[in-house]
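Here is the structure we will look at, set down as structure tokens.
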There are 2 protein chains.
Amino acid sequence: MPTDTLAEEAPQRRSRGRPRKTADERDDGNRRQALLRAAAHLFRRKGFAATSTRDIAAAVGMRSGSPFYHFENKEALLAAVMEEGMQRALQHQRERMDAAVAAAPDALSARECLRVLVRGHFHNLLGPESDHIPVMLYEWRWLAPQQKQVVSELMAEYEAVWVPVLQALRREGALKGDTALARLLIFGALNWTAQWYDAEGSASLDDLTEAALQLFVKDLE
Amino acid sequence: MPTDTLAEEAPQRRSRGRPRKTADERDDGNRRQALLRAAAHLFRRKGFAATSTRDIAAAVGMRSGSPFYHFENKEALLAAVMEEGMQRALQHQRERMDAAVAAAPDALSARECLRVLVRGHFHNLLGPESDHIPVMLYEWRWLAPQQKQVVSELMAEYEAVWVPVLQALRREGALKGDTALARLLIFGALNWTAQWYDAEGSASLDDLTEAALQLFVKDLE
DNA sequence: CCTACCGATCGGTAGG
DNA sequence: CCTACCGATCGGTAGG
């Protein structure tokens with residue numbers, strides 16, 4: 001964009017016509033980011049089908065046609081929300097696991113591993129800036145097959161970390177039955193919290209984590 | 001409707017104009033029922049917001065305006081789907097519990113009670129004619145406050161049956177931690193199966209029930 | 001990124 | 001329950 005070089009030739013340009021943007025809402029890639037944030041928020045609150053691209057545009061102070069300068073169409077915006085959400089979730093999962101391993105004097109127990117994963121999942125699902133993942137979970141059907149492919153690979157990567165942990169628990173006798181079914185049921189219990197968890201309520205994410213572990217994992221006595 | 005008395009005066013009336021309906025799709029309350037079934041199916045497959053009342057009308061061979069002869073508006077149709085679904089689910093839950101109690105030589109154990117409830121819930125959620133409950137779970141947000149009130153009372157009635165069972169398990173030591181949180185997590189695990197369960201797949205509803213019990217309930221050794 | 005616009009679709013209604 | 005219709009809204013585009 002030639003704005004900078006033009007600025008050298010017309011340094012005294014006054015603000016007239018439509019109001020100037022303030023510094024932190026200028027072009028960059030941050031208009032795109034703003035659209036993604038607003039879309040995630042609205043898609044979560046009203047669902048994909050009931051959110052108009054006009055709603056999203058208005059939420060970031062754009063006119064109705066402008067989102068299509070940044071995204072090819074409404075579905076591409078949805079796919080981008082989900083991909084960004086999963087990338088951030090993967091990142092957060094890695095950081096938590098690495099930190100937990102680094103902090104453990106001996107090897108981390110399978111139970112402690114699961115605790116870290118569950119706690120991290122609640123952060124990804126219910127924490128601050130967490131609209132993206134519920135949108136991914138609940139608006140999945142609107143993706144085109146190719147977009148589903150991309151997102152489901154990220155989901156598979158996320159879930160793959162859980163597999164050896166559950167298998168270890170099963171070897172210990174702390175988990176019974178088929179681990180694949182157990183994993184699906186566990187993710188169900190966790191993901192469903194997005195339907196009822198109230199951040200203002202009495203239970204914290206740590207409380208939820210504790211309740212989940214007590215429910216899923218037999219204590220070894 | 002005066003059709004019958006008029007028929008006495010014109011018994012020879014021939015079929016002309018638009019084709020006659022066959023016997024089992026005649027007026028009655030069964031056009032309303034047909035609309036409910038079609039609506040449940042489409043609301044589940046495409047979501048409430050993306051299903052047009054025209055889609056629903058076409059699915060039962062009506063014209064676009066006709067659903068509004070049976071239902072005041074689109075939301076009333078959704079509410080009726082949910083209410084019917086919950087009434088049937090409650091009925092089914094009662095029948096299963098009564099049958100299990102009648103069949104038990106001694107008192108039913110808490111664990112067996114939970115098994116019956118879980119198995120019944122899978123039937124309500126994943127069995128034949130089961131679109132209504134997933135619609136209730138996933139399209140909840142479209143209800144008006146007053147409709148939410150009605151449906152949530154039915155849900156409360158459904159869940160109330162589970163409470164003493166979970167409390168009994170907790171007293172036995174087969175369930176740890178807060179029972180209210182446990183109930184929410186358990187329902188999450190069960191309800192989420194609507195997202196991934198494939199009736200054509202390898203696991204039966206009995207398999208799912210077994211997996212759920214193994215996951216949630218500690219065996220008492 | 002805005003302006004101005006298009007074709008399509010939607011929920012719902014009057015009148016029969 | 002159909003016919004004929006309305007006003008509103010929507011995703012998306014051309015042209016700048």
Side-chain angles (χ1 to χ4, degrees), chain A residues 1-4 6 15-22 25-36 38-39 42-43 46-81 139 142-144 147, chain B residues 1-4 6 15-22 25-36 38-39 42-43 46-81 139 142-144 147:
Chain A
M1 218 172 279
T3 308
D4 289 335
L6 280 175
S15 63
R16 58 182 161 175
R18 88 178 64 112
R20 295 300 305 271
K21 312 280 187 174
T22 65
E25 56 181 27
R26 229 171 359 222
D27 9 8
D28 309 326
N30 88 348
R31 301 312 291 148
R32 190 174 191 277
Q33 272 303 309
L35 282 169
L36 281 175
L42 289 166
F43 287 160
K46 319 207 305 176
F48 175 77
T51 300
S52 71
T53 54
R54 281 164 167 80
D55 292 338
I56 298 166
V60 299
M62 286 182 186
R63 299 313 195 90
S64 69
S66 303
F68 300 100
Y69 170 77
H70 295 277
F71 295 92
E72 196 184 340
N73 52 38
K74 196 183 170 191
E75 278 107 46
L77 189 42
L78 178 66
V81 164
E139 306 299 329
W142 302 112
L143 290 187
Q147 299 167 324
Chain B
M1 215 173 282
T3 308
D4 288 334
L6 280 175
S15 64
R16 58 183 160 173
R18 87 177 66 109
R20 297 297 307 269
K21 311 280 188 175
T22 65
E25 55 180 31
R26 228 167 4 218
D27 11 7
D28 309 325
N30 87 350
R31 302 309 293 147
R32 191 175 190 277
Q33 272 303 310
L35 281 170
L36 281 176
L42 288 166
F43 287 161
K46 319 205 308 175
F48 175 75
T51 299
S52 70
T53 54
R54 282 163 168 82
D55 291 338
I56 298 167
V60 299
M62 286 180 184
R63 299 313 195 90
S64 69
S66 302
F68 299 101
Y69 170 77
H70 296 277
F71 295 92
E72 195 184 343
N73 53 36
K74 197 184 169 189
E75 278 107 47
L77 189 42
L78 178 66
V81 165
E139 307 298 329
W142 302 112
L143 292 186
Q147 299 167 323

To the nearest Å, give me how far apart CZ (A:F68) and C1' (D:dG16) are. 19 Å
A:N73 CG to D:dG12 C1': how many Å, rounded? 9 Å
Please answer whether the main-chain N or O of A:F48 pairs with a side-chain N or O of A:E139 as donor and acceptor at a distance below 3.5 Å. yes
Regarding the side chain of A:R54, the nearest nucleotide among D:dC1, C:dG11, D:dG12 is D:dG12
Distance check needed: D:dG11 P versus A:L78 CG, whole Å only. 12 Å
Nucleotide nearest B:R63 when distance is taken to its side chain, options C:dT13, D:dG11, D:dT3: D:dT3
After noting the C-alpha distance and the side-chain angles of A:Q33 and A:L36, does the key distance pass the side chain to side chain contact (heavy atoms under 4.5 Å, CB included) rule? CA-CA 5 Å; A:Q33 272 303 309; A:L36 281 175; 3.7 Å; yes
Pair partner, D:dT3 [Watson-Crick or wobble, under 3.5 Å]: C:dA14
Ignoring the backbone of B:M62, work out which of D:dG11, C:dC1, D:dC2 is nearest its side chain. D:dC2
Looking only at side-chain atoms of B:S66, point me to the closest of C:dT13, C:dC2, D:dC2. D:dC2
Rounded to whole Å, CD1 of B:I56 lies from C1' of C:dG12 at a distance of 14 Å
In whole angstrom, give the distance that lies between atom CZ of A:F71 and atom P of D:dT13. 15 Å
Quick check on D:dG11: is either OP1 or OP2 less than 4.0 Å from any side-chain nitrogen or oxygen of A:T53? yes
What is the separation between atom CG on B:D55 and atom C1' on C:dA8, rounded to the nearest whole Å? 14 Å
Quick note, A:K74 side chain, CB onward, closest among D:dG12, D:dC1, C:dG12 is D:dG12
Would you compute the distance between atom OH of B:Y69 and atom CE of B:M62 and round it to the nearest 0.5 angstrom? 9.5 Å
Quick one: B:L77 CG to C:dG11 C1', roughly how many Å, whole number? 12 Å
Could you tell me the separation between the CG atom of A:L78 and the CG atom of A:N73, rounded to the nearest 0.5 Å? 10.0 Å
Please determine whether a side-chain nitrogen or oxygen atom of B:S52 lies at a distance below 4.0 Å from atom OP1 or OP2 of C:dC10. yes
Spacing of B:T53 atom OG1 and B:L35 atom CG [to the nearest 0.5 Å]: 10.5 Å
Between C:dG11, D:dG12, C:dC1, which nucleotide gets closest to the side-chain atoms of A:R31? C:dC1
Calculate the interatomic distance between A:L35 atom CG and C:dC2 atom P; express it in whole Å. 10 Å
